[in-house]
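Letters A, B, ... are given to chains in the order of the sequence lines, protein chains preceding strands, and every chain is numbered from 1.
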Amino acid sequence: MPSRFSSLLLQWYDKARRDLPWRGEEDPYKIWLSEVMLQQTQVETVIPYYIKWVERFPSIESVALATQDELLKFWEGLGYYSRCRNFHKACKIVASKHGGKVPAEWETFLSFPGVGEYTAAAVLSIAFHQPYSVIDGNVKRVMARLLAFSEIVEKGTALFEEKLDKWLNQDRPGDFNQAMMELGSQICRRNEPRCFECPVESFCKAKAEGNPAVYPNIPKKKERPHKTIVAGIIWNDGKFLIQKRPDAGLLGGLWEFPGGKVENGEALDNTLVREIREETGLIVEPGNKVGAVDHAYTHFSITLHLYHCKLSKPLKDNGAFDKHRWIQPEERSQFAFPGANHKLFQILESQTWTDHE
DNA sequence: AAACCGTGGCG
DNA sequence: TCGCCAAGGTT
């Protein structure tokens with residue numbers, strides 16, 4: 001017998017739900033993909049990425065066979081690139097050890113790289129109709145208000161789980177979970193919750209108290225330091241040098257212009273020559289400035305300056321380093337350049353690439 | 001446990 | 001303008 005709570009919630013959901021590309025999808029791979037893309041990312045942002053990805057990579061096997069570079073190119077701009085690398089690894093595991101079929105078993109699925117409790121519960125409930133409840137940012141906010149939970153919300157999940165398992169609709173666990181998240185994003189919003197449209201208002205202790213928006217209680221975040229970065233577009237014979245970042249850490253596996261951080265009081269051209277020598281072994285002469293862009297990452301922000309450069313000494317060999325490539329401007333579209341570097345390309349392309357001559 | 005990991009939108 | 005945050009996971 002479904003709970004009164006889930007009946008009211010699903011009645012609202014059936015009427016109000018949006019038509020999304022992955023709604024009603026039967027293929028567990030596509031549900032999984034959508035859940036990975038949706039991590040910390042809003043629905044409207046994900047939609048175009050999801051559509052293009054599925055068109056190019058229609059199956060687990062197609063992902064398993066792809067190169068990381070091509071996958072990252074499709075992920076370019078979506079952020080949190082470890083999601084893409086981990087999804088690639090996980091698809092390879094599914095292809096090689098599970099016959100290409102997404103395992104419908106909790107422990108197995110949870111063991112995959114990039115799959116945590118949220119993603120496991122979401123995929124198993126939506127794609128396989130198993131009775132796992134999800135707890136994401138939306139659900140935390142909804143539950144904190146329903147229960148008038150005043151502690152820091154990170155520590156509230158055990159209580160939330162207990163309550164959700166009682167309310168979960170066993171026949172439609174996937175829809176119940178999506179309804180809870182939809183309720184959080186559309187009705188029980190962080191600011192100005194629309195309680196007058198809420199199907200479960202009668203269950204809400206925070207509403208009864210009078211000011212639901214005081215929940216949830218979130219700790220303040222640290223402020224981000226600011227860095228100044230200089231990079232060079234190093235020309236040689238009509239080509240310029242790009243370098244691949246290490247797989248782990250910030251923007252792992254993606255491409256950038258060689259360069260680095262300005263030390264205290266250091267002149268920009270000095271930084272440029274020093275960093276390029278350290279990273280590539282090349283000695284360069286800074287030339288015209290391309291421009292500068294501001295960009296904010298999760299834990300710091302930067303101003304990135306870009307200069308055209310020429311080599312002080314001609315290359316001895318063909319200049320093929322391990323993590324470096326000499327490419328022509330037309331080849332730029334094959335490589336994923338996220339964040340600040342992406343903004344620099346927009347400036348470069350508006351300058352028709354010839355201003356360094 | 002607390003930091004780290006992107007980006008775009010919003011008030 | 002700027003701090004905050006969104007369908008989290010890993011170390």
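- Distance noted for atom C1' between C:dA7 and B:dA1: 25 Å (whole Å).
- Using a 4.0 Å cut-off between a side-chain N of Lys or Arg and a carboxylate O of Asp or Glu, A:K205 and A:E209 do not qualify as a salt bridge.
- A:G77 comes within contact range of the sugar-phosphate backbone alone, with a heavy-atom separation under 4.0 Å but no base atom that close.
- The interatomic distance linking A:L254 (CG) with B:dG6 (P) rounds to 8 Å, in whole Å.
- Between A:R141 and C:dA6 there is a side-chain N or O to OP1 or OP2 distance below 4.0 Å.
- At whole-Å resolution of the value, CZ in A:R83 and C1' in B:dC5 are 10 Å apart.
- Hydrophobic clustering places A:Y81 together with A:V46 (ILVMFWY residues linked when any side-chain heavy atoms are closer than 4.5 Å, directly or through intermediates).
- Checking A:K220 against A:S82, the closest nucleotide of DNA chain C that is more toward the 5' end is the one next to A:K220.
- Separating the CD1 atom of A:I302 from the P atom of C:dC2 is a distance of 16 Å, rounded to the nearest angstrom.
- Residues A:P216 and A:F149 have side chains not in contact (no heavy-atom distance under 4.5 Å, counting atoms from C-beta outward).
- Within residues 10-49 of chain A, the residues having any heavy atom under 4.0 Å from DNA chain B are, by residue number, A:Q40, A:T41.
- Clustering ILVMFWY residues whenever any of their side-chain heavy atoms sit less than 4.5 angstrom apart, transitively, puts A:F57 in the very cluster that holds A:V115.
- A donor-acceptor contact under 3.5 Å links the side chain of A:Y80 to the base of B:dG6.
- The ring pair (Phe, Tyr, Trp, His ring centres under 6.0 Å) test with A:W22 singles out one residue from A:W53, A:Y50, A:Y49, A:W32, and that residue is A:Y50.
- Under 4.0 angstrom from either OP1 or OP2 of B:dG6 there lies no side-chain N or O belonging to A:H295.
- A continuous path of Ile, Leu, Val, Met, Phe, Trp and Tyr side chains, each step under 4.5 Å between heavy atoms, connects A:F74 with A:V54, placing both in one hydrophobic cluster.
- One atom, CD of A:Q186, and another, P of B:dC10, lie 13 Å apart when rounded to the nearest Å.
- Side-chain contact, A:R83 with A:T41: a donor N or O sits under 3.5 Å from an acceptor N or O.
- Atom OH in A:Y118 sits about 13 Å away from atom P in C:dA6, given to the nearest Å.
- Side-chain contact check for A:Q178 and A:R23: at least one donor-acceptor pair (N or O, by modelled atom type) lies under 3.5 Å.
- For the pair A:E76 and A:E192, both in contact range of DNA chain B, the more 5′-proximal nearest nucleotide belongs to A:E76.
- Protein atom CZ of A:R224 is 9 Å distant from nucleotide atom C1' of C:dC2, rounded to whole Å.
- A straight line from CZ of A:R190 to P of C:dA7 spans 10 Å, rounded to a whole angstrom.
- Looking at heavy atoms from C-beta onward, A:V139 lies out of side-chain contact with A:F160 at the 4.5 angstrom threshold.
- Neither side chain, A:E263 nor A:T271, offers a donor N or O lying under 3.5 Å from an acceptor on the other.
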Please tabulate the protein-to-nucleotide N/O contacts below 3.5 Å involving nucleotides 2-4 of chain B, giving atom names and distances.
from, atom 1, to, atom 2, distance (Å)
B:dA3, OP1, A:K222, NZ, 2.8

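- Between C:dC4 and B:dC4, the two P atoms lie 16 Å apart (nearest whole Å).
- In this structure, the CD1 atom of A:I135 is 13 Å from the C1' atom of C:dA7, given to the nearest Å.
- Within the structure, a side-chain polar atom (N or O) of A:N138 is placed less than 4.0 Å from OP1 or OP2 of C:dA7.
- The 5' end of DNA chain B is approached more closely, in terms of each residue's nearest nucleotide, by A:G339 than by the other of A:N191 and A:G339.
- Within the 4.0 angstrom heavy-atom criterion, only backbone atoms of the sugar-phosphate kind lie near A:L251; the bases stay farther away.
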